[in-house]
Amino acid sequence: MKKAWGGRFKEKTASVVESFTESISFDYRLWPYDIQGSIAHARMLARQGIITKQEARQIIDGLKDIAKDIEAGRFKWKKEHEDVHMNIEAELIKRIGPVGGKLHTARSRNDQVALDLRLYLREEIKEILKFIKKLQRIFLRLADRYHNTAMPGYTHLQRAQPVTIGQHMLAYVEMLNRDAERLEDCLKRTDSLPLGACALAGTTLPIDRAYVAELLKFRRISTNSMDAVSDRDFVVEFISSASILMMHLSRLAEELILWSSEEFGFIELPDSFCTGSSIMPQKKNPDVAELIRGKTGRVYGNLIALLTLMKALPLSYNRDMQEDKPPLFDTVDTVKACLEVLTEMMPKVKFNKTHTEAASTGGYSLATDLAEYLVKKGVPFRQAHEITGRIVRYAIEQHKQLNELTLEELKTFSDKIGTDIKGLFELRPALSKRVSLGSTSPEEVKRQIALWRERLK
Ligand code: ARG
C-alpha cells in the first residue's frame with residue numbers, strides 16, 4: 001500500500017516496522033474528534049480561499065459519510081495506514097478522489113493529533129465532572145441520613161473521639177470538591193486550539209486560526225506553534241488530578257473494606273455489589289472496593305509513564321509522544337468505571353447504628369471532654385491534660401469506663417471537679433457540644449449540608 005509520505009522513499013516499509021509503529025489499534029477511538037477537527041479545518045480553508053467552496057463541500061460530505069460508516073461498525077481500520085488520521089484521510093481520498101488530498105493543506109499530523117487529544121479530553125473531563133457531582137450528592141444524602149448517628153473517629157486507626165457519620169460523609173464531599181476544582185483548572189489549559197501550528201513552525205498559507213477556534217468552541221488559541229505541537233502538559237495534569245481523585249476513592253474503598261469486616265461491623269454492603277468465595281461458603285467479599293483500591297495503582301503508573309515519556313524530549317514533536325495515548329485512555333476509562341460503580345453502590349451502603357454507637361463511647365474517647373471541662377474551670381490545658389491522663393490510667397487499672405467513676409474518685413484527682421460533671425461522658429450531649437465551625441456536631445453537620453446543597457445546585 002502506498003504511504004501518504006511515500007514520495008521520498010525508495011524501499012517499502014518493513015512489515016515489522018508497520019506493526020511496531022502503528023497506533024490505529026488504540027487511537028481509532030479519537031475518530032469523532034478527528035472528523036470534527038477536519039470539518040472545521042476544511043471550512044476555514046474554503047473561507048480563506050485556500051480551497052474552493054465546492055471542494056470543501058465534497059470533503060465535508062465525504063468525512064460525514066465516513067463517520068456514518070465508522071459509527072455503524074462498517075469501517076475497516078488498516079494498520080498500513082498507521083493511525084486514525086491517515087486511515088480517515090486515505091479513505092476520504094479513496095471515496096472522493098484527489099480533491100480529498102487538499103484536506104491536509106496547512107496542517108500536519110503533529111497539530112492534528114494535539115487537536116484530537118484536546119477535543120477528546122475536554123469531553124471526558126466534563127463527563128468525569130458530572131460523575132463527581134453525582135457522587136458528592138450521594139454523600140450529601142448519606143450525611144443527611146446519618147447526621148445524628150455516632151461512630152468512633154480515628155487517628156492512627158485508634159479510637160480517638162466520637163464523630164457523627166454525617167461529618168465523615170461530608171469529608172468525602174470536600175475531597176471530591178477539590179478533585180473537581182483541579183479538573184476544572186486542567187480543563188482551562190486543555191481547552192486551547194493547537195491546530196494551525198502545522199508541523200512546528202506555522203504555515204506560509206493565509207489560514208484563520210481564530211475562525212477554527214470559534215467553530216470548535218475553543219476558549220483559547222495556542223500562541224507558539226512549537227509549544228503547541230510538543231505540549232502534553234494537559235495530559236500530565238489530567239492524569240495527576242485523576243491520581244489524586246483515585247487516591248481519595250482508594251481511601252474510601254479502604255474504609256468500606258475495614259467497616260464491612262466482622263471486626264468492625266459498621267456497615268453492610270449490598271449483596272449485589274459483593275462476591276463470594278469458591279471454597280468458603282460463608283464469605284461475602286468487598287471486591288468492588290478492593291478493585292477500586294487496586295486500580296488506583298494503575299492510574300499512578302499511568303502518571304509516571306507520562307512524566308517519564310516527556311521528561312527528556314527535545315522540542316518539538318517526537319514520535320515518542322504517540323505513547324501518551326494508552327495511559328491517557330486507560331486513566332479516563334478507569335476513573336469513569338470507578339466513579340460509576342461507586343455512584344451505584346454507595347446509596348445502598350447501610351450503617352449498623354447499634355454497632356457504631358456502641359463503639360463510639362469505648363476507648364476513653366471522651367477524655368478530651370474532661371480536659372476541656374477542667375479548662376473551663378480555669379485549669380491551664382497542659383495541667384488539665386496531665387490530670388485527665390492520670391484519671392484515665394486509674395480507670396484502666398480499675399477496669400472501669402470514665403462514666404463509671406464516682407464523683408468521689410474523680411475528686412481525688414482535682415478539687416475543680418464538681419457535681420456539674422454529671423452527664424459529661426454521655427455520647428449525645430458530647431457530640432452536640434462540639435460547636436466550632438466545621439466540627440462534628442449534628443447541628444454543624446446540618447448547617448454544612450445546607451451549604452453544600454446550595455453549592456452543588
Ligand atoms: N500517531 C501519531 C501520534 O499519535 C500522530 C502524529 C504523527 N506525526 C508524525 N510526524 N509522524 O503521535
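In this structure, F273 places its CZ atom where more than 12 heavy-atom neighbours from other residues, nucleotides or ligands lie under 6.0 Å away. At most 12 heavy atoms of other shown residues, nucleotides or ligands fall within 6.0 angstrom of atom CZ in R43. Heavy-atom neighbours of R182 CZ from other residues, nucleotides or ligands within 6.0 Å: above the threshold of 12.
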In residues 308-318, what donor-acceptor pairs under 3.5 Å come from side-chain atoms, sequence neighbours left out?
| unit_1 | atom_1 | unit_2 | atom_2 | d |
| --- | --- | --- | --- | --- |
| T308 | OG1 | I304 | O | 2.5 |
| N318 | ND2 | P314 | O | 2.8 |
| N318 | ND2 | S316 | O | 3.0 |

Please tabulate, for side-chain N and O atoms in residues 120-130, each donor-acceptor pair with protein atoms closer than 3.5 Å (sequence neighbours left out).
| unit_1 | atom_1 | unit_2 | atom_2 | d |
| --- | --- | --- | --- | --- |
| Y120 | OH | R29 | NH2 | 3.4 |
| R122 | NH1 | D191 | OD1 | 2.9 |
| R122 | NH1 | L216 | O | 3.3 |
| R122 | NH1 | K217 | O | 2.8 |
| R122 | NH2 | L216 | O | 2.8 |
| E124 | OE1 | K336 | NZ | 2.7 |
| E127 | OE2 | K130 | NZ | 3.4 |

Under 3.5 Å donor-acceptor pairs involving side-chain atoms of residues 237-248, not counting sequence neighbours:
| unit_1 | atom_1 | unit_2 | atom_2 | d |
| --- | --- | --- | --- | --- |
| E237 | OE1 | R189 | NE | 3.0 |
| E237 | OE1 | R189 | NH2 | 2.7 |
| E237 | OE2 | R189 | NE | 2.9 |
| S240 | OG | E237 | O | 3.2 |
| S241 | OG | E237 | O | 2.9 |
| S243 | OG | I239 | O | 2.8 |
| H248 | ND1 | D179 | OD1 | 3.2 |
| H248 | ND1 | D179 | OD2 | 2.7 |

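Judged purely by distance below 3.5 Å, without hydrogens or angles, the side chains of K79 and S19 pair a donor atom with an acceptor atom. Side-chain contact of N352 with E268: a donor-acceptor pair under 3.5 Å is absent, judged by distance alone. Side-chain contact check for H41 and Q112: no donor-acceptor pair (N or O, by modelled atom type) lies under 3.5 Å.
A salt bridge does not link R251 to E255: none of the charged nitrogens lies less than 4.0 Å from a carboxylate oxygen. Ion pairing between R178 and E181 fails under the 4.0 Å rule for side-chain N and carboxylate O. A salt bridge between K284 and E262 is absent, with no side-chain N of the basic residue lying under 4.0 Å from a carboxylate O of the acidic one.
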Next item on the list: Evaluate salt bridge (Lys or Arg N to Asp or Glu O under 4.0 Å) for K433 paired with E372, printing each intermediate quantity in order.
Entry: CA-CA 11 Å; K433 273 189 261 167; E372 288 184 355; over 6 Å; no
Check: Could you walk me through whether D324 and R232 pass the salt bridge (Lys or Arg N to Asp or Glu O under 4.0 Å) check?
Finding: CA-CA 8 Å; D324 61 359; R232 291 293 182 273; 2.8 Å; yes
Next item on the list: Determine, step by step, whether R447 and E443 satisfy the salt bridge (Lys or Arg N to Asp or Glu O under 4.0 Å) criterion, reporting the C-alpha distance in whole Å, the side-chain angles of both residues, the deciding distance to 0.1 Å, and the verdict.
Entry: CA-CA 6 Å; R447 197 180 71 85; E443 295 72 22; over 6 Å; no
Checklist line | Test log, rule salt bridge (Lys or Arg N to Asp or Glu O under 4.0 Å), inputs D369 and R434 | finding: CA-CA 10 Å; D369 295 51; R434 286 170 162 75; 2.6 Å; yes
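Looking at V113 and D83, their side chains never come closer than 4.5 Å, going by heavy atoms from C-beta outward. The shortest side-chain heavy-atom distance between I24 and V84 falls under the 4.5 Å cut-off. The side-chain heavy atoms of E444 and V435, taken from C-beta on, include no pair separated by under 4.5 Å. Residues L115 and F218 meet the side-chain proximity criterion, which asks for heavy atoms closer than 4.5 Å.
Closest of all the heavy-atom pairs between M345 and P270 is CG-CG, 4.1 Å. What you find for L427 and E357 is that their closest heavy atoms are CD2-O, 4.1 Å. Taking every heavy atom of both residues into account, R107 and S38 meet most closely at NH1-OG, 2.8 Å.
The aromatic rings of Y146 and F351 sit perpendicular to each other, their planes meeting at more than 60°, with 30° as the lower class boundary. Using cut-offs of 30° and 60° for the angle between ring planes, the F264 and F266 rings count as perpendicular.
A salt bridge (charged side-chain N to carboxylate O under 4.0 Å, His left out) with D69 is found for exactly one of K76, R74, K94, namely R74.
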